[in-house]
Each structure stands twice: as C-alpha cells, then as structure tokens.
There are 2 protein chains.
Amino acid sequence: MDDTAQQRLKKVHDTLTRAERQLAGAILENYPMSGLGSITRLAEKAEVSTPTVVRMVQKLGYSGFPEFQAALREELEAQISNPIDKRDSWSNTAPQEHLLNRFTDAVIGNIRQTLAHIDPADFDAVAALLADEAQSVFIAGGRITHALSEYLHLHLQVIRGRVQHIPTTSNAWPHALLDIEPGDVVVIYDIRRYENSTLKLAEMAAARGARTVLVTDQWQSPISRFATYSFSCRIEAPSAWDSTVAMMLLSETLIAAVQEAAWERTRDRMGALEEMFDETRIFRKFV
Amino acid sequence: MDDTAQQRLKKVHDTLTRAERQLAGAILENYPMSGLGSITRLAEKAEVSTPTVVRMVQKLGYSGFPEFQAALREELEAQISNPIDKRDSWSNTAPQEHLLNRFTDAVIGNIRQTLAHIDPADFDAVAALLADEAQSVFIAGGRITHALSEYLHLHLQVIRGRVQHIPTTSNAWPHALLDIEPGDVVVIYDIRRYENSTLKLAEMAAARGARTVLVTDQWQSPISRFATYSFSCRIEAPSAWDSTVAMMLLSETLIAAVQEAAWERTRDRMGALEEMFDETRIFRKFV
DNA sequence: TCGATTTTGTAATCATAGTTTCATTGCCGG
DNA sequence: CCGGCAATGAAACTATGATTACAAAATCGA
C-alpha cells in the first residue's frame with residue numbers, strides 16, 4: 001500500500017465515519033495544500049477535532065499526522081520537479097547503475113540547479129560588459145579551473161581585442177595587474193579549495209577599480225565579497241573530484257552571448273583568423 | 001516588501017553571513033520544498049543550527065519561522081493553481097527564448113545523443129587501459145580541445161604516474177613521440193576543423209604501436225581510422241562555436257571511472273598531494 | 001599578534017503541535 | 001424508554017518545534 005494520499009482517501013471513503021468524511025472532503029478540496037499546515041488548522045478548516053484527524057490518517061495507513069504530511073510533501077515534490085531529469089537512463093545500452101548513467105544524472109542535476117540560480121539580468125550585464133571593447137578583460141583561473149579560464153580566453157580573443165589570461169598558479173600574475181585600469185573587467189574562476197593567490201588577485205584587482213566577475217561553486221569562494229557579479233555553479237559528482245561541466249556550460253553560453261552582441265566585429269576577426277590558418281596550413285583543407 | 005521568499009533571498013544575499021548563505025543555498029536547492037518541513041530538518045539539511053535559521057528568516061523580513069513557512073505555502077499554492085507558467089525551461093527567471101535556455105537545451109540534447117552512442121564496453125575498456133600503470137599515457141588536444149586535454153591530464157596525473165601531455169599546436173610534440181613505446185596509450189581530442197598536426201601525430205603514434213583513444217565530434221575526425229577506441233560526441237550549439245560540454249562530461253566520467261578502478265593508488269597520491277599543498281600554502285586553510 | 005566585534009552553535013526555555021484518555025453524545029435495537 | 005455501542009470532541013498530556021540567552025569560535029582591524 002504505497003498509493004498517494006489522495007488515492008488512499010478515495011479507497012477508504014466508504015468506511016469512513018461522518019466527521020472523517022467531512023475531513024476527507026476538506027483535504028481533497030484543495031489537495032494537497034490544506035494538509036501542509038498544522039493539524040490544528042486542518043481540523044479547524046474541516047470543522048472537526050484534532051483527534052479525528054489523527055484517527056483518520058491512521059486509517060489511511062500512516063503512523064501519525066507527521067508521516068501523513070511528509071507523504072504529502074513527497075508527492076508534491078514529485079509533481080513539481082522537472083520531468084526532464086526523470087529520464088531513467090542516458091545510455092540505454094548500459095545498466096542504470098553504470099557510472100556513465102550515474103555521472104550524467106549528477107551532471108544534469110548540476111546544470112539544472114546552476115541555471116535556476118543564475119540571474120538572467122546579471123548574465124546579460126556580464127555579456128554586455130565582455131562585449132564592450134572600451135575596457136580590457138582579464139581572465140584568471142586556479143589549478144582545476146585553469147582549463148576553463150583558458151577556454152574562455154581562447155574564444156574571447158577571437159571576438160575582441162584586449163583580452164588577457166592570468167594564470168594564478170604561476171608567479172607571473174602580479175605583472176598582469178600593472179595593466180589593470182579602473183573599469184576593466186576581471187573574470188575569475190574559483191572553486192574549492194579556494195586558492196590564496198586567487199583571492200589576493202581579486203582583492204588587488206578590486207583595489208585598482210576593476211569590476212570582477214566571479215564564477216564559483218555552490219559554496220561560494222571568499223572572493224564573492226569583492227565581486228561585482230557572481231555566478232555559483234553546482235559541481236557535485238559521484239567522483240573524488242568535482243564536475244566543472246556546469247561552469248563550462250555557463251562559459252560557453254557567455255561566449256555565445258558576447259559573440260551575438262558583437263557579431264559584426266566577431267565575423268571580421270574570424271575571417272582574418274581563417275586566412276591566417278590557411279596560410280599556416282594548420283588545418284586540413286576540406287570541410 | 002512583499003516579494004517571494006526566493007526574491008528576498010537573492011536580494012539580501014550579499015548581506016548574509018557564511019552560515020546563512022549556506023542555508024540560503026540549501027533552501028534554494030530545491031525550492032520551496034525544503035522549507036516546508038520543520039525548522040530542525042531544514043537546519044540539518046543545511047548543516048547549520050536552528051537559531052541560524054530563525055535569524056535568517058528574520059533578516060528576510062518574517063517575524064519567525066512559521067510566518068516564513070506560511071509564505072512558502074502560499075507561493076506554492078499560487079504556483080500550483082497557475083498551470084500557465086508550468087516550467088519547462090531551465091532558468092525559470094528568464095524567458096524560454098533567452099539564450100540561457102536555448103543553449104542549455106542544445107547542450108542537454110548533445111549529452112543525450114552522445115551518451116546514446118557510447119558503447120559502455122568501450123568505455124570500460126578505455127577506463128581500464130588508463131588505470132593500468134603498465135603502459136604510459138599520452139594526451140593530446142588541438143586548438144579548441146587543448147583545454148580538455150589539459151584537464152584530463154591534470155586529473156590523470158593525480159591518479160597515476162607516466163602521464164604526459166602533448167600540446168599539438170606547439171612544435172615540441174615530435175619529441176614526445178620518442179618516448180612512445182608499443183602498447184602505450186595515446187588519448188587524442190580532435191574536433192572540426194581537424195588539425196593536420198594532430199592527424200600526423202596519430203599516424204605516427206599508431207606506427208609506433210601505440211593504442212589510440214580518440215575523442216571526436218559527430219562527424220568523426222580522420223584519425224578514427226587509426227584509433228583503437230573512438231568516442232564521438234555531439235558538439236552543436238546555437239553559437240558561432242561548437243560546444244565541448246559533452247566531451248567534458250565524457251572526460252570527467254572517464255576520470256571518475258579510472259579513479260574508481262585505481263582507488264588505492266589514487267588515495268595515496270591524493271594524500272601526498274594534499275601534504276604538498278599544505279606545505280606550499282597554495283590553498284586557504286579552511287574548508 | 002592581540003583585543004574587539006561579529007558570527008555561530010549549545011543549551012535552556014517557551015510555545016505549539018500531536019497524541020491519548022475518557023466522558024459525552026447520538027444512534028440503534030430491543 | 002432504556003441499555004449498549006460507536007463516534008466524537010474536550011482536555012490532559014507528551015513530544016517536538018521554535019525561540020532566546022549566552023558562551024565559544026571565528027574573523028577583523030590595528
């Protein structure tokens with residue numbers, strides 16, 4: 001017997017007494033919200049006594065009111081949660097419990113959570129900031145996030161000039177600070193364990209009047225206090241390491257937005273880049 | 001001030017303390033369900049004390065926890081009775097056609113397609129290959145995929161020895177070939193436009209008897225003809241560039257699988273690494 | 001590094017929710 | 001009209017939830 005409370009109510013409806021039927025009616029009236037308050041309020045609303053409520057939920061098979069309420073919450077959660085991640089398995093050739101499926105499940109969850117937390121206005125503002133060639137852009141990453149910062153840098157370079165990459169793990173980064181001017185934009189990736197040098201960099205950049213865009217994890221790098229804009233991405237995964245997929249997604253989406261905002265310029269620069277590639281014969285000549 | 005609790009949370013986010021932010025994160029994590037239980041359970045889930053919960057909801061402008069909870073219930077009721085804004089978008093604060101939602105849609109599609117095409121047996125075989133310290137591992141990436149190859153290299157380095165990164169865009173890579181011995185594993189990332197130097201590298205590695213693992217796009221790099229194992233990932237996105245999120249996901253899953261297969265060794269190496277970090281004070285001392 | 005200040009959790013307290021007991025009520029068959 | 005039984009709610013009780021007071025810990029500024 002693990003039906004929903006609603007089903008249980010209907011099933012036992014005939015065996016209920018007068019006051020209990022009255023109560024059942026009140027619950028079903030706006031199901032399941034009315035059941036989420038206190039037992040007292042439910043009793044008041046149904047115009048029965050609280051013991052009646054207890055007796056009835058026990059008839060339904062719950063040990064008591066709290067258990068009944070927990071069941072309601074679970075149902076509601078299932079009803080609300082996004083059907084997109086309800087997919088039973090991603091790789092249908094692999095069993096459900098294969099790492100491929102488990103890991104992907106986690107990552108999709110991360111993506112969903114991350115997107116839910118991003119303020120579109122912030123996102124648009126940052127995209128506009130990065131598209132504007134009036135100020136320079138500096139990009140910094142830590143040990144793990146270096147790959148991401150490099151990736152962002154690589155693409156932004158095509159879209160605009162005045163983009164510089166600062167690898168915080170090297171000791172060359174103080175030099176880069178020299179070039180930072182008030183109004184410039186510093187994009188920093190920082191996830192646990194948060195690096196001291198990165199924090200220092202953010203601090204100094206802020207002191208120089210730069211605007212900081214922070215991409216961090218759900219526990220928030222200490223840098224967030226200096227940051228003009230801050231995006232927190234979920235990074236949990238069934239692994240000894242964190243997953244940066246959500247951050248990668250955010251980065252790519254940002255790149256796409258910036259590119260869209262500065263399409264004229266991007267097209268020209270891409271064209272020039274192509275020509276150079278042709279001359280250097282880095283790429284194959286077909287497709 | 002009669003915003004939703006969610007809006008209030010975001011609004012005061014900057015003025016919150018560490019524990020409070022942690023709590024806010026837990027509430028937002030599956031909003032609003034997590035707030036509907038008892039204050040104790042919410043505190044437990046957020047790993048803070050109950051007084052912290054009380055203090056924060058008061059900061060939000062509610063007289064106490066019950067009032068906060070009542071507000072949540074009201075919101076939920078309003079949301080449920082309004083089937084109009086049934087959320088099938090990722091960022092529910094952004095319109096469906098916002099780039100954030102469009103891009104994410106595309107990426108999820110990519111992930112789905114990619115996973116559907118991966119042979120779990122191949123995946124397991126490659127994981128086993130990478131976990132086995134009997135042979136050396138070489139990792140190479142192209143212009144765009146360099147970030148990915150670096151990422152894989154960084155993690156594999158912690159799990160095992162004899163891992164080398166070959167940046168194919170430099171002209172130093174022929175030297176790396178000298179070290180390749182029959183049976184060694186070469187992991188190559190190659191997406192369009194496929195680079196000549198990468199192809200050459202694959203060719204020569206094959207000639208030296210190496211086993212090649214190729215991570216490529218859905219159109220398949222010409223390298224696939226030499227590859228022992230080949231994974232093709234979908235990389236389409238509403239952007240002038242491709243999305244490498246699916247490849248990132250595959251890489252991270254591989255890392256997790258390898259780490260699981262070689263957990264004893266990984267744990268030791270991670271421990272040693274931690275010690276070195278402690279000594280060099282790269283990271284902050286807390287969490 | 002040290003004192004001041006803020007933040008945070010522990011423990012005590014208070015309030016309310018949930019349960020149980022039991023007397024009252026109403027209903028039915030005699 | 002009366003005994004017997006089920007149904008119900010009042011009230012007492014218990015458990016848990018929420019709040020407060022305070023002390024420990026962390027952080028900050030000098």
Side-chain angles (χ1 to χ4, degrees), chain A residues 5 12-27 33-73 193-194 196 199-200 202-204 206-207 219-226, chain B residues 5 12-27 33-73 281 283-287:
Chain A
V12 298
H13 188 269
D14 298 333
T15 72
L16 294 179
T17 64
R18 193 220 88 233
E20 285 171 348
R21 252 197 290 276
Q22 198 173 315
L23 172 61
I27 293 176
M33 296 312 298
S34 46
L36 291 176
S38 77
I39 193 174
T40 319
R41 263 201 267 174
L42 177 58
E44 274 170 13
K45 196 181 172 198
E47 294 181 325
V48 297
S49 66
T50 54
T52 302
V53 180
V54 176
R55 280 189 287 262
M56 198 199 64
V57 298
Q58 282 171 350
K59 270 194 191 171
L60 293 180
Y62 303 100
S63 72
F65 188 76
E67 192 179 303
F68 166 72
Q69 206 172 47
L72 284 185
R73 270 200 301 273
R193 317 166 32 179
Y194 315 110
N196 279 320
L199 177 59
K200 204 80 199 161
E203 237 172 292
M204 294 175 76
W219 302 286
Q220 305 256 16
S221 152
I223 293 177
S224 63
R225 297 189 298 118
F226 304 104
Chain B
V12 299
H13 186 270
D14 297 332
T15 71
L16 294 179
T17 63
R18 203 246 331 137
E20 286 170 346
R21 250 198 291 276
Q22 200 173 315
L23 171 61
I27 295 176
M33 297 313 296
S34 46
L36 291 177
S38 76
I39 193 174
T40 319
R41 263 200 268 175
L42 177 57
E44 272 169 15
K45 192 179 175 199
E47 294 181 328
V48 297
S49 65
T50 52
T52 302
V53 180
V54 175
R55 281 188 287 259
M56 199 199 64
V57 299
Q58 282 171 352
K59 268 194 191 172
L60 292 180
Y62 303 100
S63 70
F65 188 76
E67 190 177 307
F68 166 73
Q69 208 171 47
L72 284 186
R73 270 199 301 272
R281 302 225 182 111
F283 294 107
R284 289 168 69 81
K285 270 287 176 310
F286 75 102
V287 180

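A quick note: this is a predicted structure, and the numbers were derived from the prediction, not measured. Residue numbers begin at 1 in each chain, while the letters A, B, ... track the order of the sequences.
For A/Ser224, there are no side-chain hydrogen bond (donor to acceptor under 3.5 Å, both in side chains) partners two or more places apart in sequence or in a different chain. Listed by chain and residue number, A/Leu9, A/Leu16, A/Met56 satisfy the side chain to side chain contact (heavy atoms under 4.5 Å, CB included) test with A/Ala24 (two or more places apart in sequence, or in another chain). In this view, A/Ala26 and A/Ala46 satisfy the side chain to side chain contact (heavy atoms under 4.5 Å, CB included) rule, not counting sequence neighbours. With sequence neighbours excluded, the residues that form a side chain to side chain contact (heavy atoms under 4.5 Å, CB included) with B/Ala19 are B/Val48, B/Thr52. Qualifying side-chain hydrogen bond (donor to acceptor under 3.5 Å, both in side chains) partners for B/Thr15, counting only residues two or more places apart in sequence or in other chains: none. Remark: A/Phe226 pairs with no residue by the ring pair (Phe, Tyr, Trp, His ring centres under 6.0 Å) rule, at least two apart or across chains.
Inter-axis angle, ends of the helix from C/dT1-D/dA30 to C/dG30-D/dC1, five pairs per end, rounded to 10 degrees: 30°.
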* Structure fact -> Letter by letter from the 5' end, nucleotides 8-24 of chain D scores (B base, S sugar-phosphate only, - none; protein heavy atoms under 4.0 Å) BBBB-----SSBB----
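Applying the salt bridge (charged side-chain N to carboxylate O under 4.0 Å, His left out) rule to pairs touching residues 16-27 of chain B yields B/Glu20-B/Lys59, sequence neighbours excluded. Pairs engaging residues 37-47 of chain A under the side-chain hydrogen bond (donor to acceptor under 3.5 Å, both in side chains) rule: none recorded [sequence neighbours left out].
Chain A approaches DNA chain C within less than 4.0 angstrom (heavy atoms of the protein), and the contacting nucleotides run 5' to 3' from C/dA17 to C/dT20.
Between B/Val53 and B/Phe65 the shortest side-chain heavy-atom distance falls below 4.5 Å.
In this structure, B/Tyr62 and B/Ala71 approach most closely via the heavy-atom pair CE2-CB, 3.6 Å.
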